[in-house]
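For reference, the structure is listed below as structure tokens.
So you know, we letter chains A, B, ... as the sequences are listed, proteins then strands, and number each from 1.
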Amino acid sequence: MDAANEAGQAKADQIKSDHADVDPTIPATGSAVAHEPAPKFTREEELHAYHEMLLIRRFEEKAGQLYGMGLIGGFCHLYIGQEAVVIGMQMASIEGDQVITGYRDHGHMLACGMDPKGVMAELTGRRGGYSRGKGGSMHMFSREKQFFGGHGIVGAQVSLGTGLGFADAYKKNGHVSLTYMGDGAANQGQVYESFNMAQLWKLPVVYVIENNRYAMGTSVARASAQTDFSRRGISFGIPGEQVDGMDVRTVREAASRAIEHARSGEGPYILEMQTYRYRGHSMSDPAKYRTKDEVSKMRDEHDPIEMVRKRLIEEHGVPEADLKATDAKVREAVSDAAEFATHDPEPDPAELWTDILLEARG
Amino acid sequence: MATDILMPALSPTMEEGKLAKWLKKEGDPVKSGDVLAEIETDKATMEVEAIDEGVLAKILIAEGTEGVKVNTPIAIIAADGEDVAAAAAGGGKKADGADSVGQPAPTPTMQAEGHASAPAATAKTGDDKANAPASPAVITNKTPAPVMAEFPEGTEMVTTTVREALRDAMAEEMRREDSVFVIGEEVAEYQGAYKITQGLLQEFGARRVVDTPITEHGFAGIAVGAAYTGLRPIVEFMTFNFAMQAIDHIINSAAKTLYMSGGQLGCPIVFRGPNGAAARVGAQHSHDYSSWYSSVPGLKVIAPYTASDAKGLLKAAIRDPNPIIFLENEILYGQSFPVPKLDDFVLPIGKARIHRPGTDVTIVSFSIGMTYALKAAQALAEQGIEAEVIDLRTLRPMDTDTVIESVKKTGRCVTVEEGFPQSGIGAEISARLMVDAFDYLDAPVLRVTGKDVPMPYAANLEKLALPNVAEVIEAVKAVCYR
């Protein structure tokens, strides 16, 4: 093992032990390949990541607030704590690569560049929402931004995302499908049907398993015989790796490898993002299945946004005032979104009967 | 003891086939496992293997003979040591009854046509007439006038099976647009479990004719995902029974996404395959899902009867920007109908057709139900009752106007379907007539349906479970108070 690999292994071990500190139920089985530590971000990259993650954080906090006020109905699943995953992934993708995910989807939409106003207005069920108020939190799409939902049936997006990759291969357009799922969805049967076909046909799909340790209230160890999700593709020959999903740099680095693999025609790749959700599964989650200490330890020691903030100050010498300015800008954008989403009218009653079928072409 | 080799059945619905080739000639010694001949149907080719040892004493059906009925003796094998000439002369028709039992038809070596058909493709005894598939209505080549009205006058008609019509529809649309592709189990190299996709791989290649693993949930989802991007998949389910594995993607991912996306994300996809009962395949492979799918907003549901409708409507389905359920029927696959010879024959989705005009009662049906309806109408005409038979063709959107107009004229209605009675298509028509034609009805609407039981396997019970012509006649007489 040369020095670089040793360093990579050390880093990987560090990630594992960091996680093991918090949740010893996750065994440190590790990924098959050790990689060099993620290279540092440039100042601009760190600033970009900071802004994007902060937007998701503040947006979700606001959504939680509006939910509490009764302005958002139904189910509402917040992404707080997991921001580094989708932002790191997006930083490694190119325009035209598709994104599809499950029901915890607000962060992915913002990361894809969808307008916070349109997303928030969908949450409040208003006519300016991305689905004109007819989809809600779990069902939003943007063809323009290549965001394909927003799917409420756990695991369905995995086959659908594989289909996006199938279309990329069919059209030979050089794009890659970034297909997200949680640790819970990773136990659905269709995931493995999809893995099989994706590898069989060498489809350009990166499967991102966001392991936030709990499928609703069931911990990974209580639901999964194989808790190392990076190994879930082994029987199909799909390479995988475990990634520190709390560090956006590590995420982007792993994402680049995975996306390059898929784009070059080598087939699918699995990234297990070891992450954590601070909030409950949904707004009505009593969180009896984990301790407050576990949550606060994660927040205090591994927060993805704080990590970047610290690096910006310590490594890049960014003045606090600049970061505060970014905070203010983000708060304003979120506040505008909330303002729009709470004042936009509800859909016209006639909308009940639209968008059921498309008119056939002549 | 000489034994007859019988024409084997390749599938539960096979009635006859072509003796394509003899691989042994008279006088050749044969041993167990030797391939004697090749048999072809429009669906598949198989080899006939010898089961016993002996000498091929006589070939009874010459190579190249078409239309050889299942269980017809095709050759005689003389047992070891037996006088070959005597065996050839006597064959299985010897006066000595004890010796005349035909050898069971050899076990076909071809793979079954589908998960279900495998056991049924095994040997059948010579006199097992009960194995013959339920007899469909006799289809004449005389095209009813209302059918002709859909083509330009003077259009040449070509006799075509439903199977060929479906294949032609797909091939034509695939030639027309590169975004159209076929995906499913055994659609490519096998040429289709029911030979619907025959020749497509050869013409369009593996990129556009995609064999999948046995993984309905997965490949249905993949196809829907591909459709989101604007591709136009034709998903073949080997039967709609297996689509139950995939129903989440059909309903939740395909049918609802346009609405949930506020009109942004359409799903131009066709799910097609045989639906309902075939013959002797038991409850899990005989379910008619017509009414299930017809209740889902966001889907269009088509269930054609004739080959021309199958072709014109499948072409329309492939071009349609919405998710389409295209329900075929295995027993109809081999039936021939006149199909117009037109460069681009597309029928409108959502239009019923009066298949047989009449004045006394309206019979509404679709798909294979039409066979019962038409036979009954013929028999009723001889008894002085002129039934108007309507083929719905599309179940969603349902063309109730055509039905209502007819009932306004006849005042009576009987519905015919193979599906279950509760919440069936007949129940729906009945409810709509009660609202929209109540004042015109001279009798309650009666439904002729499959019985409210899982499909039994036994031949006699299966027959009882399905609707029949007598039941249609009886229902018509009841609503006519005759």
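Looking only at heavy-atom pairs under 4.5 Å with chain A, the residue among B:P297, B:A255, B:S253 that has the most is B:S253. Of all the listed residues (A:H151, A:R143, A:R132), the one sharing the greatest number of non-hydrogen pairs under 4.5 Å with chain B is A:R143. Between chain B and the residues A:A156, A:G165, A:S194, A:G135, the largest count of heavy-atom pairs under 4.5 Å involves A:A156. Interface check for chain A: of the options B:I349, B:V224, B:D248, the most heavy-atom pairs under 4.5 Å are formed by B:D248.
A donor atom on one side chain and an acceptor atom on the other are found under 3.5 Å apart for B:Y228 and B:T257. Donor-acceptor pairing under 3.5 Å is recorded for the side chains of B:S179 and B:E177. Judged purely by distance below 3.5 Å, without hydrogens or angles, the side chains of B:R396 and B:S294 never pair a donor atom with an acceptor atom.
Only the side chain of B:H249 comes within contact range of chain A, judged by heavy atoms closer than 4.5 Å. Interface residue A:L357: backbone and side-chain heavy atoms are both found under 4.5 Å from chain B. Within the 4.5 angstrom heavy-atom criterion, no atom of B:V346 approaches chain A. Heavy-atom distances place the side chain of A:N196, and not its backbone, under 4.5 Å from chain B.
In this structure, the side chain of B:D391 does not engage the main chain of B:P304 through any donor-acceptor pair within 3.5 Å. Judged purely by atom type and a 3.5 angstrom limit, A:S177 uses its side chain to pair as donor or acceptor with the backbone of A:G161. With hydrogens and angles disregarded, no donor-acceptor distance shorter than 3.5 Å links the side chain of A:E266 to the backbone of A:R263. Although no hydrogens or angles enter the test, the distance criterion places a donor-acceptor pair under 3.5 Å between the side chain of A:D97 and the main chain of A:I94.
For A:K134, the salt bridge (charged side-chain N to carboxylate O under 4.0 Å, His left out) partners two or more places apart in sequence, or in a different chain, are A:E351, A:D355.
Residue B:E189 qualifies as open at atom CD: its count of foreign heavy atoms under 6.0 Å is 12 or below.
In this structure, B:R207 satisfies the cation-pi test against A:Y170, with its NZ or CZ atom closer than 6.0 Å to the six-membered ring centre and inside 45 degrees of the ring normal.
Scanning residues 264-272 of chain B against chain A with a 4.5 Å non-hydrogen threshold yields B:Q264, B:L265, B:G266, sorted by number.
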